[in-house]
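One is the number of the first residue; the rest follow in order along the sequence.
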Amino acid sequence: MSIQPNDQNLGDESNKGQIRISDLPGEVQNIAKIIGLKPVLNLVKQYGGESIYIPKYEAIIRTVRNRAII
């Protein structure tokens, strides 16, 4: 059986073999609602079981800000 993501998160019978956002654990559901189901599944395949640090947005743009100041 091929399991395919279903971003619509429909509960009808035609989607029995598809992963839905509601099938994911709580916090992963929140991430899927923000970035989509397919990107979450890619993250899970690549980093499943690992701890990942996600920096604050300000830390990401700090280099750009500093470059603009200079």
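- If you take CZ on R62 and CZ on R67, they are separated by 14.0 Å, rounding to the nearest 0.5 Å.
- Side chain of N66 to backbone of T63: no donor-acceptor contact under 3.5 angstrom is found.
- At a threshold of 4.5 Å between non-hydrogen side-chain atoms, the residues L24 and L37 count as touching.
- Dense packing is recorded around CD1 of I60, with more than 12 heavy atoms of other residues, nucleotides or ligands lying under 6.0 Å away.
- The two residues P39 and I35 have their closest heavy-atom pair at CG-O, 3.2 Å.
- To the nearest 0.5 angstrom, I61 atom CD1 is 12.5 Å from K56 atom NZ.
- Atom CD of Q46 is separated from atom CD1 of I52 by 9.0 Å, given to the nearest 0.5 angstrom.
- Distance check: I21 CD1 to I31 CD1 gives 11.5 Å after rounding to the nearest 0.5 Å.
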